[in-house]
Amino acid sequence: MVSPPKEAPAMAEKITPRGTDYSKWYQDVVKNAGLAENSDVHGCMVIKPHGYAIWEKMQQALDRMFKATGHVNAYFPLFIPKRFLEKEAEHVEGFAKECAVVTHSRLIAGPDGKGLIPDPAAKLGEELIIRPTSETIIWNTYRNWIQSWRDLPILINQWANVVRWEMRTRLFLRTAEFLWQEGHTAHANQAEAEEEAKKILEVYRTFAEDWMAMPVLTGPKSDGQKFPGAIYTLCIEAMMQDKKALQAGTSHFLGQNFAKAFDVTFQSREGKLEHAWATSWGVSTRLIGGLIMTHSDDQGLVLPPRLAPIHVAIVPIYRKEEEKTAVIEACHKLAAGIRGIAPDPWLHYEPISVKVDDREQYQPGYKFNEWEVKGVPIRVELGPKDLAQNACVLARRDVPGKEGKIMGVPLASAPERIAAILKEMQTGLMEKARSFRDANLKTVDSYDDFKAQIDSPGGFFLAHWDGTRETEDRIKNETAATIRCIPSHLPAEPGKCMVTGQPSKQRVVFALSY
RNA sequence: CGGGGUGUAGCUCAGCUUGGUAGAGCGCCAGCUUUGGGAGCUGGAAGUCGCAGGUUCGAAUCCUGUCGCCCCGACCA
């Protein structure tokens with residue numbers, strides 16, 4: 001008679017494997033890594049400290065890049081008078097469906113003495129919209145700032161929250177309120193504005209690849225997918241691990257649309273009155289969703305070192321008091337050594353971020369798992385056995401399980417070793433993501449082939465398209481796939497539309513998307 | 001806004017069919033033992049059962065109304 005098997009530890013499997021249910025996996029990672037949670041407010045999330053710390057790292061890197069390209073930060077109002085939004089036809093049409101509207105300025109007790117109701121006497125003369133984006137308020141303001149060609153260009157960015165009243169939301173990927181940056185620039189001529197839109201796209205591409213280790217395709221959107229009010233929209237588009245596309249950033253050439261709508265004119269060098277040329281561009285907290293879905297595994301979050309709020313977690317191991325004293329001391333000494341590594345431009349000359357996990361209420365095993373699920377790139381284990389030989393154990397987050405452990409690393413050389421591994425991880429993650437993306441980037445020539453593959457195995461499909469909205473809509477209706485971008489890295493190779501057989505100037509990227 | 005589901009402890013849920021003093025696991029608090037991959041034992045705190053009516057001697061349970069939330073569809077960074 002064999003005794004019944006012990007029950008699996010109740011805590012063991014907190015994260016649904018990707019293969020079982022990708023969407024559940026995503027939610028589990030966000031929750032278990034402590035990045036964010038749903039709030040009691042419909043569609044709005046609470047970004048928790050660990051998630052917000054990642055956003056702060058993103059902000060820092062992006063902000064530096066914006067400043068380096070001549071931009072400055074400013075802040076415009078959260079509320080936008082309804083009449084502003086009405087001024088640009090396409091813009092209204094695009095955003096009207098998802099606007100939060102402020103109608104009153106005061107609450108009073110309800111008629112039965114219970115609760116509060118908007119005071120009818122305090123109804124606003126003009127209703128205010130909570131910004132879904134700020135083009136209108138900003139161009140209304142620029143009208144006063146721009147008179148002469150000497151006032152141009154205006155290169156402004158703002159870090160802000162916006163509200164788009166979404167029906168269905170997912171943490172980071174789509175929430176009613178989200179955080180982002182929005183750049184709004186004004187230029188004296190078309191060429192300069194178009195140059196700006198391209199320049200920012202390149203900033204986004206660099207950030208995505210060099211910081212997030214997330215490879216992206218770049219290029220214009222189809223007219224059907226462009227920003228409401230833009231002449232054209234450039235985008236960076238990334239492939240998630242389930243092979244779906246994520247629009248990760250957009251840069252719009254707005255032409256003179258907003259200048260005309262808001263009557264923003266300037267006198268040129270030649271003395272003529274002209275409308276200003278505009279761009280706008282943004283990336284949002286959605287990037288955190290992209291970061292998660294690019295690198296993380298069934299154990300939890302995996303962070304590229306350049307965006308990790310904590311690079312190294314040191315876990316002391318001990319039994320007796322004497323051991324504890326010696327081990328903790330060694331941990332802090334090692335931490336100081338790691339922080340003392342020569343500043344590297346790679347981390348903006350900031351020290352490597354180290355945390356000595358000296359919490360007494362948790363055992364080492366618990367801590368190992370916690371740092372793992374939170375995506376800390378390197379974990380150091382330091383106990384009496386290690387101390388006896390002046391060494392420690394390093395565990396790499398990008399190599400799961402025991403294989404990621406490096407035993408017997410001398411304490412004296414550990415800091416240098418850690419610094420080297422961090423760099424290695426950053427490029428390793430990028431290479432891994434790129435080869436995954438490339439392996440799932442396919443060329444198709446027949447619509448039947450396309451339909452057979454779009455759901456499974458899935459991926460990005462390079463196909464010829466006749467350039468019409470009708471065909472784009474038909475493909476969307478029949479397969480749910482959309483044109484993600486018209487890739488600029490490919491030579492324009494003419495062909496025939498996979499659906500209609502009409503002439504096509506070049507292949508475009510189709511995929512299912514978030 | 002259409003279809004489905006669900007509200008009971010901080011969290012996940014049982015109890016409801018057949019009405020009779022509120023339950024479990026996790027978490028939390030205290031103590032002891034533990035500590036190299038999510039510790040164990042003992043004790044403890046914690047819920048006007050979404051809200052409002054009704055039926056009844058008695059309602060988490062039955063009836064009516066109401067509100068919130070979740071999932072699925074049309075829109076989107």
Side-chain angles (χ1 to χ4, degrees), chain A residues 7-15 23-24 27 31-32 37-43 93-99 112 114-115 132-133 161-170 172-182 204 221 224-228 233 235-238 245-252 280-290 299-300 315-321 323-324 327 357-373 379-388 392-393 395 400-402 404-405 407 476-477 480 482 484 513-514:
Chain A
E7 258 184 50
M11 306 301 296
E13 297 304 331
K14 284 185 169 177
I15 297 179
S23 150
K24 188 75 172 38
Q27 287 176 11
K31 182 177 160 196
N32 286 292
E37 62 189 35
N38 281 306
S39 72
D40 283 344
V41 185
H42 176 77
E93 203 192 321
F95 286 106
K97 301 184 279 301
E98 47 188 29
C99 286
D112 51 358
K114 282 189 238 163
T133 180
N161 57 339
V162 284
V163 168
R164 296 180 187 176
W165 211 263
E166 301 289 349
M167 298 313 326
R168 217 167 120 35
T169 59
R170 304 185 68 184
F172 293 117
L173 298 171
R174 176 165 301 110
T175 47
E177 180 190 10
F178 56 94
L179 306 183
W180 77 344
Q181 57 70 215
E182 47 180 326
Y204 287 162
K221 285 283 183 193
Q225 300 282 333
K226 71 174 188 186
F227 176 78
T233 290
C235 69
I236 57 171
E237 201 76 19
L246 182 78
Q247 178 174 308
T250 47
S251 180
H252 318 290
S280 69
W281 27 275
V283 295
S284 73
T285 38
R286 170 179 253 206
L287 287 177
I288 297 173
Q299 270 60 251
V315 178
I317 298 155
Y318 50 81
R319 291 165 186 255
K320 295 170 268 183
E321 272 305 303
E323 286 177 347
K324 178 180 164 184
V327 164
D357 188 355
D358 56 3
R359 292 174 300 174
E360 306 209 9
Q361 67 269 41
Y362 299 112
Q363 290 179 291
Y366 179 93
K367 295 177 181 176
F368 294 172
N369 283 287
E370 179 171 319
W371 293 116
E372 204 159 276
V373 80
R379 180 182 69 243
V380 178
E381 304 170 11
L382 209 172
K385 290 181 211 167
D386 308 293
L387 206 50
C392 62
V393 175
K402 298 257 191 269
K405 286 205 186 190
M407 319 296 285
K476 183 176 178 184
N477 289 335
T482 49
R484 303 318 304 167
S513 71
Y514 278 96

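Everything numeric here is computed off the predicted structure, so don't read it as measured data. A note on names: the letters A, B, ... follow the listed sequences, proteins ahead of strands, and every chain is numbered from 1.
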note: A:N38, atom CG; B:rC11, atom P; distance rounded to Å ~ 13 Å
What's the gap between B:rU6 and B:rG15 when it is taken at their P atoms, as a whole Å value? 12 Å
Applying the 3.5 Å cut-off to both distances, the Watson-Crick or G-U partner of B:rG31 turns out to be B:rC41
Checklist entry - Are the side chain of A:D386 and the backbone N or O of A:G383 linked by a donor-acceptor pair below 3.5 Å? => result yes
When the P atoms of B:rA24 and B:rA9 are compared, how many Å lie between them, rounded to an integer?
13 Å
_Students often get this wrong, so: under 4.0 angstrom with heavy atoms, is A:T175 touching a base, only sugar-phosphate, or nothing?_
base
Exercise. Take atom P in B:rG36 and the same atom in B:rA45, then report the distance between them in whole Å.
Key: 32 Å
Exercise for the section: State, yes or no, whether a side-chain contact exists between A:R379 and A:K405 at a heavy-atom distance under 4.5 Å. Expected result: yes
Heavy-atom donor-acceptor pair, A:Q181 side chain to A:V283 backbone, under 3.5 Å:
yes
Handout entry: Nearest-angstrom distance, P atom, B:rC69 to B:rU12
Key = 15 Å
Is there a side-chain contact between A:K221 and A:E237 in this structure, where contact means two heavy atoms from C-beta onward sitting under 4.5 Å apart? yes
All heavy atoms of A:Y204 vs all of A:T250, minimum pair found to be CE1-O, 3.5 Å
**Asked** Base, sugar-phosphate alone, or nothing: which one does A:Q247 contact when heavy atoms must sit under 4.0 Å apart?
**Response** sugar-phosphate
Separation of B:rA74 atom C1' from A:E166 atom CD, nearest Å, is 13 Å
B:rA59 -> Watson-Crick or G-U wobble partner, both distances under 3.5 Å, gives none
Give me, pair by pair, the N or O atoms of the protein and of nucleotides 30-35 of chain B that are less than 3.5 Å apart, along with how far apart they are.
unit_1	atom_1	unit_2	atom_2	d
B:rU34	O2	A:Q363	NE2	3.4
B:rU35	OP1	A:R319	NH1	2.7
B:rU35	OP2	A:R319	NH1	3.3
B:rU35	O4'	A:Q363	NE2	2.9
B:rU35	O2'	A:Y318	O	3.2

Per atom distances to the A:E372 side chain, the nearest of B:rG36, B:rC69, B:rG37 is B:rG37
The Watson-Crick or G-U wobble partner of B:rG2, with both key distances under 3.5 Å, is B:rC72
Per nearest nucleotide of RNA chain B, the residue lying toward the 5' end, A:N32 or A:T169, is A:N32
| Rounded P spacing from B:rG25 to B:rC41 in Å | 11 Å
Checking N1-N3 plus N6-O4 or O6-N4 for Watson-Crick, or N1-O2 and O6-N3 for wobble, each under 3.5 Å, the partner of B:rC51 is B:rG65
Pairwise P distance for B:rC11 and B:rC16, with rounding to whole Å: 23 Å
Between CD of A:E323 and P of B:rG36 the distance, given in whole Å, is 12 Å
Query raised in the report: Do A:K405 and B:rG36 share a donor-acceptor pair, side chain to base, under 3.5 Å?
Result: no
In whole angstroms, the gap separating P of B:rG36 from CH2 of A:W371 amounts to 18 Å
Could you check whether A:Y514 gets within reach of a base, just the sugar-phosphate, or nothing at all, counting any heavy atom under 4.0 Å?
nothing
What one should report as the nearest heavy-atom pair of A:C392 and A:L382 is CB-CG, 4.2 Å
Whole-Å P distance, B:rG5 and B:rC62: 16 Å
Using a distance-only criterion (donor-acceptor N/O pair, under 3.5 Å, no hydrogens), is the base of B:rG38 paired with the side chain of A:E370? no
On a heavy-atom basis, the closest approach of A:K367 and A:Y362 is CE-O, 3.5 Å
Remember a base hit wins even if backbone is also touched, and classify A:L173 as base, sugar-phosphate or nothing at under 4.0 Å, heavy atoms.
base
Using Watson-Crick geometry (N1-N3 plus N6-O4 or O6-N4) or G-U wobble (N1-O2, O6-N3), each under 3.5 Å, B:rC26 is paired with B:rG10
Reckon A:K367 touches a base, only the sugar-phosphate, or nothing at all at heavy-atom distances under 4.0 Å? nothing
Taken to the nearest whole Å, CH2/A:W165 to P/B:rC1 is 14 Å
**Inter-nucleotide C1' distance (B:rU66, B:rC57), Å rounded** = 29 Å
Between A:R379 and A:K31, the residue closer to the 5' end of RNA chain B by nearest nucleotide is A:K31
So A:V393, base contact, sugar-phosphate only, or nothing? Heavy-atom distance under 4.0 Å. base
- Task: Assess whether side-chain contact (heavy atoms from CB on, under 4.5 Å) is satisfied between A:E182 and A:V162, documenting all intermediate values.
- Result: CA-CA 10 Å; A:E182 47 180 326; A:V162 284; 4.2 Å; yes
ask   = Is there a donor-acceptor pair under 3.5 Å between the side chain of A:R164 and the backbone N or O of A:P132?
value = yes
What one should report as the nearest heavy-atom pair of A:S513 and A:R484 is OG-NH1, 3.2 Å
Here the distance between atom P of B:rG38 and atom CG of A:D357, to the nearest Å, is 15 Å
From CD of A:Q299 across to P of B:rG37 the rounded distance in Å is 15 Å
Separation of B:rG10 atom C1' from A:E37 atom CD, nearest Å, is 11 Å
